[in-house]
Amino acid sequence: MTSSIMIMIAIICYLIMMLGIGVKFSKTNNTVDDFYLGGRKLGPFVTAMSAEASDMSSWLLMGLPGVAYLSGICDAAWTAIGLGIGTWVNWLIVSKRIRRYSHKIGAITIPDFFAKRYHDEKNILTCVSAMIIVVFFVPYTASGFAACGKLFQSLFQVNYLTAMIVCAVVIVAYTALGGFLAASTTDLIQSIVMSIALVVVLVFGTSQAGGLDAVMENAGSLPGYLSMNSMYSTETASASPYGIITIISTMAWGLGYFGMPHILLRFMASENEEKLTLSRRIATVWVFISMAIAIFIGVIGLGMTKAGAIDVLEGSTSETVIVQIAHLLSQHGVAAALLAGVILAGILAATMSTADSQLLVAASGVSQNLLVDFLHINISKKASVIIARVTVVIISVIAVFIARDPSSSVFAIVSFAWAGFGAAFGPVVLLALFWKRSNKNGAIAGMLAGGIMVFVWKYAVRPLGGVWNIYELLPAFLTALAVNVLVSLLTAPPDDSVIREFESCS
């Protein structure tokens, strides 16, 4: 009982701190530019850590360790390698360019950037991209709420739906109050809490599994568990091959970064273009180290199971491996229970840091891009902020409804949404920044082709298996890129004003 109380105290203190940050920054949101982009005031450290915290989500502390626990390091490691490379390349070639370009044309959201980049006076690009944001971000946000519900259900045996709603209310409250600056500041804190959680679990879990040698010996005894070209199957207790096509498919996760609105917004919000170099170094190092630790925690969890320290985890329950380790830690006294609370707050942090960013982007898509830019509804600056906050609440309610099923997999939901954004927006962003011949027609066609192909490949092609069993992001990304280039070449080139503007941002 004492351990549960200490854990609850730690988590409650953490949630109160997040709300406090929201209240603090609520007074700084006088315009939609403040609410959605923080007035472009982010320093290099906040830019780096808020971008990566919003990127990793509950996937880092739940999805990734869960995959490694069940099937070994192969699938998780190739995914992490692809994401690590994608992170570095995105910071290297996209961050400065989109910061410079968006600042010059006065864009405050990704749909706004697309429309102003191509001088789309009818705002068709704005409408299409805003709809894509809503389609893919609502379930993405739902995955975060689901992770919160799973956390409290497994730890305190409380009702899943009730726990999820409580967490959603806190996230909505500080996001709706404080906007982008609150989300970015809380993301910085959350990245620190996530790092502490990973290190503590790594050390404690290894000791409870009997030491590093015992962990590696146990993992090595399972066929394919430590291999980079095969996976361990729990059903047959044997290794299954992991071929080159699957490796390429898995590494394609890295392509998703070019189209993630909540990450691209961090680039746009940086206070100084040149400071993005430091941000890139901080972000890349943190991402590689944190993902490596998360994967190894899955291996440690298996060793703890073998040692009898925690129960055997099956199916989607494997995503609670860190929760189980934290619960075990809490049995070692008051101080350990408080530390366990910090670990569990880290899982909340991972979830909340992504959910708040997603809510802001989705809200901007509806309130700013659809209502103001596309439908041309004239509203005051104050009313715009109010509408933005109401939109955050409405989207959250829909996300809670989607996440009401406790059996849904965090990893699966994130995987699909990641593919959607990577394919729909990634090629458009790259061509908009680096190819002056690209035009509005190509951007619209490519965006639609990428989004549609994600659904087609996921539900019609991939189930065929064999060589078709490729992560939907890769074929959808390539399709969108090809369609964008082809349509741009077959239609009229951009106006001279668009070309001049592009060259001035080079």
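- Tyr69 contributes a side-chain N or O that, together with a main-chain N or O of Leu313, makes up a donor-acceptor pair within less than 3.5 Å.
- Nearest heavy atoms, Thr284 versus Arg280: OG1-O, 2.8 Å.
- Taking both residues in full, the closest heavy atoms of Gly420 and Val454 are given as CA-CG2, 3.9 Å, listed atom of the first, atom of the second, then distance.
- Two residues are said to be in side-chain contact when any heavy atoms from C-beta on lie closer than 4.5 Å; Arg462 and Ile470 fail this criterion.
- Looking at Thr246 and Asn469, their side chains never come closer than 4.5 Å, going by heavy atoms from C-beta outward.
- Taking CD1 of Ile322 as the start and CG of Leu329 as the end, the distance is 12.5 Å to the nearest 0.5 Å.
- Taking the six-membered ring for Trp and thresholds of 30 and 60 degrees, Phe258 and Phe477 have ring planes inclined between 30 and 60 degrees apart.
- When all heavy atoms of Trp91 and Leu276 are compared, the closest pair comes out as CZ3-CD2, 3.8 Å.
- Enclosure of atom CZ in Phe401 is not indicated, since only 12 or fewer non-hydrogen atoms of other residues, nucleotides or ligands lie within 6.0 angstrom.
- A donor-acceptor pair shorter than 3.5 Å can be found between the side chains of Tyr257 and Thr87.
- Annotation: the span from Ser95 atom OG to Phe267 atom CZ amounts to 5.0 Å, rounded to 0.5 Å.
- Put simply, the side chain of Trp88 does not reach to within 4.5 Å of the side chain of Val287, judged on heavy atoms.
- Closest heavy-atom contact between Ala449 and Thr479: CB-CG2, 4.4 Å.
- Val299 has its side chain out of reach of Asn218: every pair of non-hydrogen atoms, C-beta onward, lies at least 4.5 Å apart.
- A donor-acceptor pair is defined here as one N or O able to donate and one able to accept, closer than 3.5 Å; no such pair exists between the side chain of Ser249 and the backbone of Ile245.
- When all heavy atoms of Pro427 and Gly422 are compared, the closest pair comes out as CD-O, 3.4 Å.
- Residues Ser270 and Lys96 have side chains that never bring a donor and an acceptor to within less than 3.5 angstrom of each other.
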Report task. Show your working on side-chain contact (heavy atoms from CB on, under 4.5 Å) between Leu226 and Met216 and close with a plain yes or no. Result -> CA-CA 9 Å; Leu226 296 180; Met216 298 308 294; 3.9 Å; yes
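- Rounding to the nearest 0.5 Å places OG of Ser238 at 11.0 Å from CG of Leu222.
- Between Phe136 and Phe416, the ring-plane angle classifies as tilted under the 30° and 60° cut-offs.
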Query - Residue pair Gln324, Asp311: steps toward the side-chain contact (heavy atoms from CB on, under 4.5 Å) verdict - result: CA-CA 8 Å; Gln324 304 303 321; Asp311 295 332; 5.8 Å; no
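- Atoms CE and SG, from Met231 and Cys74 in turn, are 7.0 Å apart once rounded to the nearest 0.5 Å.
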Between side-chain atoms of residues 198-210 and protein atoms elsewhere (two or more places apart, or another chain), which donor-acceptor pairs fall under 3.5 Å?
unit_1: Thr206; atom_1: OG1; unit_2: Leu202; atom_2: O; d: 2.7
unit_1: Ser207; atom_1: OG; unit_2: Phe204; atom_2: O; d: 2.6

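- In the displayed structure, Trp435 atom CH2 is contacted under 6.0 Å by more than 12 heavy atoms of other residues, nucleotides or ligands.
- Looking at heavy atoms from C-beta onward, Ile133 lies out of side-chain contact with Thr109 at the 4.5 angstrom threshold.
- Residues Phe421 and Leu264 fail the side-chain proximity criterion, which asks for heavy atoms closer than 4.5 Å.
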Requested in this report: Dump the intermediate steps for side-chain contact (heavy atoms from CB on, under 4.5 Å) on Phe114 and Val429, then the final yes or no.
Outcome: CA-CA 8 Å; Phe114 291 150; Val429 168; 3.8 Å; yes
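- Looking at heavy atoms from C-beta onward, Leu474 lies out of side-chain contact with Trp457 at the 4.5 angstrom threshold.
- Annotation: the span from Thr320 atom OG1 to Ile325 atom CD1 amounts to 10.0 Å, rounded to 0.5 Å.
- Taken from CH2 in Trp253 to CH2 in Trp418, the straight-line distance is 7.5 Å, to the nearest 0.5 Å.
- Taking 4.5 Å as the limit, some side-chain heavy atom of Ile300 sits within range of a side-chain heavy atom of Met304.
- In this structure a side-chain-to-backbone donor-acceptor pair under 3.5 Å is present from Thr305 to Gly301.
- Within 6.0 Å of atom CD in Gln331, more than 12 heavy atoms from other residues, nucleotides or ligands are found, so the atom counts as buried in its surroundings.
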Query raised in the report: Stepwise, does the side-chain contact (heavy atoms from CB on, under 4.5 Å) test hold for Ile297 with Leu64?
Result: CA-CA 9 Å; Ile297 285 173; Leu64 197 58; over 6 Å; no
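- Between Met228 and Trp78, the closest heavy-atom pair is O-NE1, 2.7 Å.
- In this structure, a donor-acceptor pair under 3.5 Å is present between the side chains of Ser195 and Trp286.
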